[in-house]
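Please read all numbers here as calculations on a predicted model, not as lab measurements. Numbering of ligands and ligand atoms starts at 1, following listing order. As a basis for the values below, the full set of heavy atoms in this structure was taken, side chains included, without hydrogen atoms, waters or symmetry mates.
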Amino acid sequence: MTDNQEIPSRSEERKAERHKQRQQKVKATVDAKIAAAQEEKGILLVLTGNGKGKSTSGFGTVARSVGHGKKAAVVQFIKGNWDCGERTLLEGAGVEFHVMGTGFTWETQDRDKDTQAAKTAWEAAEKLLQDERIDCVMLDELTYMVSYHYLDVERVIEALKNRPKMQHVIVTGRACHRAIIELADTVSEVLPIKHAFDHGIKAQPGFDY
Ligand code: ATP
Ligand code: MG
């Protein structure tokens with residue numbers, strides 16, 4: 001071994017010292033933020049955007065909730081042609097599911113039927129949003145019900161505002177209405193950088209649904 005490898009050079013020592021100082025500053029900032037964030041309340045989380053990962057992220061949070069022994073429920077506002085894998089798993093873990101009884105809007109092409117199905121699913125959602133025993137409610141693909149005018153945004157906002165104080169709610173779907181985003185505590189937008197489907201790869205069970 002050469003001397004160079006055994007003894008760190010002065011510039012490496014200085015680098016290590018600068019790294020340590022930067023990390024100490026980061027730690028001080030993070031510690032101050034942790035100390036300041038003391039409020040506990042139910043979070044309204046919106047997962048929106050055109051990229052893949054909104055529903056899976058929502059189901060991940062539901063799984064987290066169940067893992068802590070909490071009670072969760074899911075309302076799915078769009079039912080695809082495929083059975084969703086998370087439903088099988090989470091129903092087995094005691095999560096209540098309500099699935100809107102129609103397919104994607106561009107498949108049913110029946111506005112009255114879709115509106116009625118959306119209203120029925122929303123009634124189930126409203127019941128959950130009044131139930132103190134439910135710790136976490138996921139409203140999967142709710143955004144479309146508002147953007148297609150199947151549901152009034154005011155009615156949605158009112159139910160979200162009046163829910164039990166400690167209840168968490170997750171809303172997923174593209175193009176979320178501004179009023180829901182404004183009311184939310186946490187909003188994440190998933191951006192598509194690439195999607196396999198655009199390269200001719202079909203949706204696969206156990207990965208896409
Ligand atoms: P996931 O359920 O995988 O988390 P998502 O909820 O973000 O996806 P949705 O808009 O609900 O996405 O679409 C559901 C289905 O469409 C999934 O099978 C997903 O793989 C697929 N998908 C999501 N984003 C895209 C995209 N940008 N292009 C094509 N297909 C997509
Ligand atoms: Mg989705």
Mark up the atoms of ligand 1 that fall under 4.0 Å of a heavy atom belonging to [X], in ascending order.
X: E141; result: 11 (O)
X: F197; result: 29 (C)
X: R174; result: 10 (O), 23 (C), 24 (N), 25 (C), 26 (C), 31 (C)
X: G53; result: 1 (P), 4 (O), 5 (P), 7 (O), 8 (O)

Test item, A203 contacting ligand 1 (heavy atom, 4.0 angstrom) = no
Checking H68 side chain against K70 main chain: does a donor-acceptor pair fall under 3.5 Å?
-> no
Side-chain donor/acceptor of T143 to backbone N/O of A175, under 3.5 Å = no
Vertex the Mg ion (ligand 2), ends S55/OG and E141/OE2: angle to nearest 10° comes to 90°
Closest by any non-hydrogen atom to atom 29 (C) of ligand 1: pick that one out of Q204, H195, K52.
-> H195
Closest to atom 27 (N) of ligand 1 (judged by heavy-atom distance), picking from I201, N50, L191 | N50
Testing D140, V146, L47, L44 for side chain to side chain contact (heavy atoms under 4.5 Å, CB included) with V171, which one passes?
-> L44
Taking distance alone, with no angle check, do K54 and ligand 1 share an N/O pair under 3.5 Å?
-> yes
Would you say D198 has any N or O atom under 3.5 Å from an N or O of ligand 1, going by distance alone?
-> no
Charged N to carboxylate O under 4.0 angstrom, D131 versus K71?
-> no
Please work out whether the ring planes of F59 and F97 are parallel, tilted or perpendicular, with thresholds of 30° and 60°.
-> parallel
Check: Y144 and Y150 side chains under 4.5 Å, non-hydrogen atoms | no
Enter the distance from E141:CD to T172:OG1 here, rounded to the nearest 0.5 Å.
-> 4.0 Å
